[in-house]
Each structure stands twice: as C-alpha cells, then as structure tokens.
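We use all heavy atoms of the structure for the numbers below, so side chains are in, but hydrogens, waters and symmetry mates are not. Each chain gets a letter, A, B and so on, in the order its sequence line appears, and its residues count up from 1.
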Amino acid sequence: MLRGGLAGYCCLAKNANIAKVMRDLGFLTEVGEDDPNAQFRSRAYYRAADTIASLPEDVADIYSKNGIKGLLEIPSVGKNIAAKIEEYIKTGKVRALEDMKAKLPVNIDELYGIEGVGPKTIKMLYDKLRVKNLADLERVAKEGKLRAVPGFTEKKEHDMLKRIEFFKRGKSRRIIGEIYPLIKQIEKSLSQLPGVKNAIAAGSVRRMKETIGDIDYLVTASDPEPVMEFFTKMPEVQEVVGKGPAKAFVRLASGIDADLLVVPEESWGSALQYFTGSKEHSVELRKMAISKGLRLNEWGVYRGERKVAGTTEEEVYQALGLQWIPPEMRENSGEIELARQSRVPKLVEYGTLKGDLQVHSENSDGTATIEEMARGAKAFGLDYVAITDHTKSLALAGGLDGQELLQQANKIRELNDRLEGFRVLASAEVNIMKDGSLDIADNVLDKLDLVGAAIHSHFNLPIEAQTERLVRAAKNSSVDILFHPTGRLINKRDGYPVNIERVIDVAKDTDTVLEIDAHYDRLDLRDEHVRMAIKKGVKLVIDSDAHHPIHYAFLTFGVAQARRGWATQQDILNTLPPERLLQALK
DNA sequence: GCCGTTTTCGGCCCGACTGTTTTCAGTCG
Ligand SMILES: Nc1nc2c(ncn2[C@H]2C[C@H](O)[C@@H](COP(=O)(O)OP(=O)(O)OP(=O)(O)O)O2)c(=O)[nH]1
Ligand SMILES: [Mg+2]
Ligand SMILES: [Mg+2]
Ligand SMILES: [Zn+2]
C-alpha cells in the first residue's frame with residue numbers, strides 16, 4: 001500500500017487546486033465542443049469541483065489511503081474524474097486539460113470574472129480577436145474593435161470597459177459582520193414600505209456565511225412596482241444594473257451588489273426557499289420534486305399546472321416529504337437526507353448563551369474596565385463573563401504577569417460582591433510559547449476560575465510543530481479552553497498550518513474545550529471544524545473576544561457559525577449557568 | 001460525466017433579465 005503517503009507526490013494537490021482543474025475542465029468542455037451532451041459533461045466537472053472544494057478531507061489523503069476506490073466514494077466523482085484526479089496528484093498535470101487549454105489558451109478566471117461574460121463570449125472573443133486575457137479585452141474595447149464582433153454594439157463595448165474597471169477594483173467577498181448594519185438598515189427600510197408584508201435578507205446572509213458575495217432581499221407585496229422603485233432609487237444605490245417586473249439588481253456605493261426579488265404573499269415560502277439557497281441545496285430539492293412528479297421554483301410547488309404549496313417554507317419542505325431545514329444547514333452536505341428521515345438536529349438557538357468566556361479589559365488590550373465589561377454583559381443579557389486579559393509575553397497587548405493576574409483575580413472577587421445576579425470569572429488568555437509551554441506558572445493558573453490558551457506568535461512553524469504546540473497546550477491540565485484554535489483572520493491571513501483533526505482528537509482525550517471565537521474577522525473554529533469537533537464529542541464554547549461592551553453583539557456570528565457546524569445546545573458549554581459550566585471544565 | 005426506493009440508459013433545476021431576439025441565446029440568480 002501507499003505507506004509514506006504523499007511524500008513522492010506533487011505538493012500542489014490541495015483540494016482547491018484540484019477543484020480549479022475540474023472547473024477548467026468544465027469550462028473548456030462547455031466551450032470547446034458542439035456535442036449536445038457537452039453542457040452536461042461540463043456540469044459534471046463543475047459539480048465535482050464544488051464537491052471537492054467544500055470537502056473537509058484532503059482529496060490527496062483520500063487517494064493515498066484508499067486509491068481510486070476512495071476517490072470514487074466522493075459524490076459526483078466517477079471513473080473518468082477519479083482517473084484525472086489520480087493523474088493530477090501523481091504528475092501535477094492532466095493531459096486532457098492541457099490539450100484543451102492549447103486550443104483555447106485564455107485566462108479563464110480573468111475573463112469569466114467579468115460580469116456578463118460567459119463561455120460563448122470568451123470563445124467568440126478568442127476566435128475573432130485572439131483575446132486571451134483581461135489586458136487584451138481592455139485593449140480591443142478601447143481600440144473600438146469589439147463592436148465589430150457579432151453580438152456586440154458600441155454600447156456593449158462601452159459597458160465592457162466599465163465592467164473591466166469594476167473587476168479590476170477586485171472586491172473580494174465581504175465579511176458578514178462588517179456590512180451587517182447596512183444589511184439590516186436596508187431590510188428595515190424595505191419592510192416599512194406601504195404594501196410590504198415581509199422583507200428579509202435571504203441568500204448567504206440568511207445562511208449566515210462568514211463572507212457574502214452580495215445581499216439578496218426578498219420582499220412580499222401585492223404590487224411590486226413601488227418596491228422596485230424605492231429599491232433602485234435608495235440613496236445607497238450607485239448604479240442600477242438591471243430591473244424587471246420581479247427582480248432588480250443594484251450596485252451600492254459601498255461597492256457591494258444588492259439583489260431584490262418581489263413576490264406575492266402566496267409565494268413567500270417558495271421564494272424564500274429559492275432565494276436562501278444554497279444553489280446546490282435547491283437543485284437537490286428540485287430533483288426531489290421531479291422524482292415526486294412535482295415542479296419546484298420560486299413561485300411555488302406545482303403538480304402540473306396546479307399549485308400545491310408555497311405559502312410557507314415548512315409547507316414547501318413538507319410537500320417534498322422533508323422536515324424544515326434551518327438556513328445555516330442548507331449547503332447540500334447531508335442535511336436533506338437527515339430531513340427525509342426527520343432527523344434534523346435541534347441547533348443551538350440564537351440568544352441562548354448565558355456567558356462569554358473570552359473578554360478583555362483595559363488591563364491588557366481592551367478599552368473598558370472589568371466592571372464596565374461586566375455591566376455591559378449584563379445589559380446584553382448574559383449571566384457571567386470570564387475576564388481573559390493577555391499574558392506577559394504578549395507585550396504589545398499589555399499582557400499581565402502572574403502577580404498581576406492574581407491581583408486581578410482578587411479585585412474580581414470584590415467586584416462580584418457588588419454585582420447583583422451576575423458573576424465575573426477570573427481567567428486569562430494565556431500565551432502559548434513556541435514550544436507549547438505557557439508563559440504563566442501552573443500555580444498561578446490554578447488560582448483562576450478557568451484558563452484559556454492561544455497562539456499569537458510563530459505562525460510559520462511547520463505543520464507538525466504547530467500541531468504539537470497546540471497538543472502540548474491541550475494536554476496541560478491547567479488549560480480549559482483553546483482560544484481561536486487556527487489563528488486565521490478572514491480575508492487577511494490563513495490560519496497557521498495545523499492538523500486540526502489531531503487537535504480535535506487530543507481535545508477529546510484531554511477534555512479540553514475548543515472555542516468558536518465569534519469576532520467576525522475570526523470565526524475560528526470555522527463551520528466545518530465545528531462539525532468535525534462535535535462529531536467527535538468535543539465540547540465547544542462561543543466567545544465574543546470583546547474588547548469593549550459593544551462587542552458582545554459579535555456573539556450572534558459565533559452562534560451562527562456553531563449552527564453552520566450543526567451544533568446543538570448540548571455541544572456549547574456556555575449555554576450552561578456558571579456553576580455547571582465550571583463543573584464541566586477539566 | 002454521473003447516477004439509479006420507478007432507470008445501468010437516458011435523463012440532468014428552473015426562471016428572470018438583457019439585447020435587437022422577430023421567437024431566442026446568453027448570462028445570471
Ligand atoms: N435554483 C437556483 N437557484 C439559484 C441559482 N443561483 C442562485 N440561486 C439562488 C440561491 C442563492 O442562494 C440565491 C442568491 O444567489 P447568490 O448568487 O447571491 O448566492 P448566495 O447568496 O448563496 O451566495 P453569495 O454570498 O451571494 O455568493 O439565489 C441557480 O443556478 N439555481
Ligand atoms: Mg448572495
Ligand atoms: Mg445575489
Ligand atoms: Zn487572542
């Protein structure tokens with residue numbers, strides 16, 4: 001067997017790279033062939049790409065453990081695709097793809113990234129003008145050569161230049177927390193319009209993804225026209241991209257796109273299902289509908305011409321023989337099968353957290369006193385917080401030494417005497433050193449109510465060393481919780497390399513709790529790690545990482561992340577009252 | 001190319017918006 005695993009194989013066979021190969025195959029199959037079946041073969045590659053991109057396990061690992069047979073167990077991967085994956089893992093290339101690329105040598109990501117430019121356009125542009133990339137396209141548009149291409153006009157040529165500019169500004173997906181206030185503000189304006197019954201941000205916002213590509217508003221109203229009027233003329237709108245009787249598309253001044261769908265009340269459920277997605281989840285539902293002799297779209301569930309459901313989402317799912325599924329689970333990653341068996345887990349609810357176990361004060365890098373943080377938490381509806389200031393080796397953050405931590409613990413006890421119906425726990429965010437040891441002595445940590453530990457330095461150790469560093473911290477009997485275990489900052493830096501599966505296993509063996517840091521820049525653990533952890537029976541906590549009382553609002557995003565990882569209330573220890581929480585820790 | 005509680009062959013989600021389409025193709029949600 002392939003012991004020694006990947007040693008001899010190409011280092012680039014990461015899931016993301018394999019998915020990219022599949023997408024390129026999908027694109028070139030669609031473009032390059034006249035075969036009427038080409039679009040379906042193309043879609044097969046795209047489906048495989050999506051599956052692989054969101055697979056928690058490494059495809060290269062699967063291959064090294066179980067070979068082709070292992071690959072075939074991946075949904076949407078059959079003999080042909082498995083062989084191509086094998087070839088890519090072994091050689092770093094896929095011959096068939098190289099051949100296709102030679103025939104249409106274009107930068108797919110660049111050209112496809114431009115709105116309104118799809119496969120047909122890219123092929124046409126290459127055939128007529130030898131356009132290979134963005135720079136070529138910009139040049140021919142500026143030179144006025146584009147208008148000569150069939151299907152193009154002077155106006156389209158002009159639009160193209162605008163779209164190229166927009167693409168070049170390169171707006172990545174937005175972090176949900178950063179635009180949440182804007183999302184909610186527009187949602188409220190829409191809901192207050194006369195004649196509007198419901199207004200909600202659907203799409204990836206309703207699924208509470210950590211980043212969102214655009215904002216998708218669904219509104220029910222008997223007369224869509226005034227809603228469309230308002231939406232396209234809001235002060236936030238920079239440009240109207242499209243507008244029809246049911247849908248409108250705008251670009252907001254903040255650089256993000258917003259879509260609007262307006263439907264009558266009797267289509268609320270089906271439209272909400274459609275517009276919440278995910279696409280993959282919806283396609284699966286629509287296939288189920290077909291197999292039951294039904295048709296599902298945003299307007300309802302139909303048997304022939306007759307509408308049989310659509311007023312509520314529950315009704316839509318029921319018509320398909322399914323239990324209702326929480327939006328956060330709708331990613332086509334096993335939730336539909338559970339719903340068919342009426343086994344959808346009861347996810348941890350928003351607003352059920354009783355405490356927050358990562359809270360900073362001005363004594364390290366926070367901006368409020370311990371008492372202000374405590375009163376803020378109480379006002380937010382919490383019953384307890386752990387004050388987790390940084391420790392001495394994190395000098396930049398004003399970390400405390402052992403002596404100072406003990407003094408702080410004493411002050412916290414005095415404060416608790418003054419606080420009614422609220423408890424502050426003495427704790428710390430202890431810095432994990434390069435070798436996995438802690439920068440505070442055990443005899444100090446023993447006097448705290450609980451201890452969190454985290455990595456804040458040496459991010460570029462090799463994966464084995466980084467993993468062992470966290471493992472050593474988890475094995476330390478003083479450490480109750482590992483904070484932000486992967487260290488990632490969304491859209492800023494990847495986490496340090498770490499074998500999260502091993503960390504999860506060790507957490508299980510040592511009764512160490514893992515954190516979901518709810519700060520919207522972190523959301524760490526991320527959704528799929530949450531799912532892995534709870535599957536193994538590891539307990540989690542959801543913390544705000546607050547540095548000011550207003551930051552308790554971040555907890556919502558942490559709960560969302562837990563729900564996206566299918567966590568129930570039993571999995572989340574800070575849904576417990578403080579005494580029971582402390583008993584549950586090691 | 002993938003896949004099978006009606007199929008190992010014959011299907012593959014389905015509709016809105018744009019443009020110049022005169023009855024639909026391309027792109028996107
Ligand atoms: N049935 C069907 N629904 C789709 C398709 N594409 C998009 N949708 C639905 C599901 C999506 O969640 C919803 C909004 O589309 P978006 O492109 O905005 O995707 P979404 O919001 O999920 O992700 P995003 O963060 O915006 O990239 O529209 C499709 O091809 N078929
Ligand atoms: Mg969206
Ligand atoms: Mg959208
Ligand atoms: Zn930290």
Once you round it to whole Å, what is the distance between P of B/dT18 and NZ of A/Lys247?
-> 11 Å

Could you tell me whether the phosphate oxygens of B/dC12, OP1 or OP2, come under 4.0 Å of any side-chain nitrogen or oxygen in A/Arg41?
-> no

How would you label the contact of A/Gln39 with the nucleic acid (heavy atoms, under 4.0 Å): base, sugar-phosphate, or nothing?
-> nothing

Does A/Arg251 make a cation-pi contact with A/Phe166 (under 6.0 Å, within 45 degrees of the axis)?
-> yes

For atom NZ of A/Lys307 and atom C1' of B/dG15, their distance in whole Å = 15 Å

Options B/dT27, B/dC2, B/dC28, nucleotide nearest the side-chain atoms of A/Ala44 = B/dC2

Please work out if A/Leu285 contacts a base, only the sugar-phosphate, or nothing of the nucleic acid, heavy-atom cut-off 4.0 Å.
-> nothing

Geometric cation-pi criterion A/Arg130 and A/Tyr126, 6.0 Å radius, 45° cone = yes

Out of B/dG19, B/dG29, B/dG1, which nucleotide sits closest to the side chain of A/Phe249?
-> B/dG29

State whether the distance check finds a donor on one side and an acceptor on the other, under 3.5 Å, for side chain A/Arg43 versus base B/dC12.
-> no

Which nucleotide, B/dC13, B/dG1, B/dG15, lies nearest any side-chain atom of A/Ile81?
-> B/dG1

Of the nucleotides B/dG19, B/dC14, B/dG29, which has the atom closest to the A/Asp216 side chain?
-> B/dG29

Taking the P atom of each, how far is B/dT5 from B/dG1, in whole Å?
-> 23 Å

Spell out, as yes or no, whether a donor-acceptor pair under 3.5 Å connects the side chain of A/Asn15 to the backbone of A/Val59.
-> yes

Report the residue (A/Lys84 or A/Ile114) whose heavy-atom-nearest nucleotide on DNA chain B is the more 5′ of the two.
-> A/Lys84

Span that lies between the C1' atom of B/dT27 and that of B/dT21, in whole angstrom | 15 Å

Within the modelled atom types, does a donor on one side and an acceptor on the other bring the side chain of A/Asp214 and the base of B/dG29 under 3.5 Å apart?
-> no

Is there a donor-acceptor pair under 3.5 Å between the side chain of A/Gln323 and the backbone N or O of A/Arg343?
-> yes

Can you find an N or O donor on one side and an acceptor on the other, under 3.5 Å apart, linking the side chain of A/Asp257 with the base of B/dC28?
-> no

The side chain of A/Lys156 lies closest to which of these nucleotides: B/dC13, B/dT20, B/dG29?
-> B/dT20

Whole-Å distance between B/dT18 C1' and A/Phe152 CZ?
-> 13 Å

Can you tell which of B/dT27, B/dA16, B/dC12 lies closest to the side chain of A/Trp299?
-> B/dA16

Who is the Watson-Crick or G-U wobble partner of B/dT8, with both distances under 3.5 Å?
-> none

Can you find a donor-acceptor pair, distance only, under 3.5 Å between A/Tyr274 side chain and B/dG15 base?
-> no

Pairwise P distance for B/dC12 and B/dC17, with rounding to whole Å | 24 Å

Looking across every strand, which nucleic acid part, if any, lies under 4.0 Å from A/Leu296 by heavy atom: base, sugar-phosphate, or nothing?
-> sugar-phosphate

Mind checking A/Thr153 for me? I need base, sugar-phosphate or nothing, with any heavy atom below 4.0 Å counting as a touch.
-> sugar-phosphate

Round to the nearest Å and state the distance from A/Ile336 atom CD1 to B/dC13 atom P.
-> 13 Å

Has A/Arg147 got its NZ or CZ under 6.0 Å from the middle of the six-membered ring of A/Phe152, at an angle within 45 degrees of the ring axis?
-> no

Is any side-chain nitrogen or oxygen of A/Ser291 closer than 4.0 Å to OP1 or OP2 of B/dT5?
-> no

Please state the C1' separation for the pair B/dT8 and B/dC13 - nearest whole angstrom.
-> 23 Å

Could you check whether the rings of A/Tyr317 and A/His281 sit parallel, tilted or perpendicular, using 30° and 60° as the cut-offs?
-> tilted

Return the 5'-most residue of the pair A/Lys120, A/Lys279 with respect to DNA chain B, ranking by each residue's nearest nucleotide.
-> A/Lys279

What is the distance from NZ of A/Lys287 to P of B/dG4, rounded to the nearest Å?
-> 10 Å

Rounded interatomic separation in angstrom, taking CD from A/Glu337 and P from B/dT5 = 10 Å

Separation between the P atoms of B/dC14 and B/dT20, rounded to whole Å = 29 Å

Within the distance-only criterion (no hydrogens, no angle test), does the side chain of A/Glu328 pair as donor or acceptor with the backbone N or O of A/Arg563 below 3.5 angstrom?
-> no

Atom CD1 of A/Ile52 to atom P of B/dG1: distance rounded to whole Å?
-> 15 Å

Could you check how far CZ of A/Phe40 sits from P of B/dG1, rounded to whole Å?
-> 14 Å

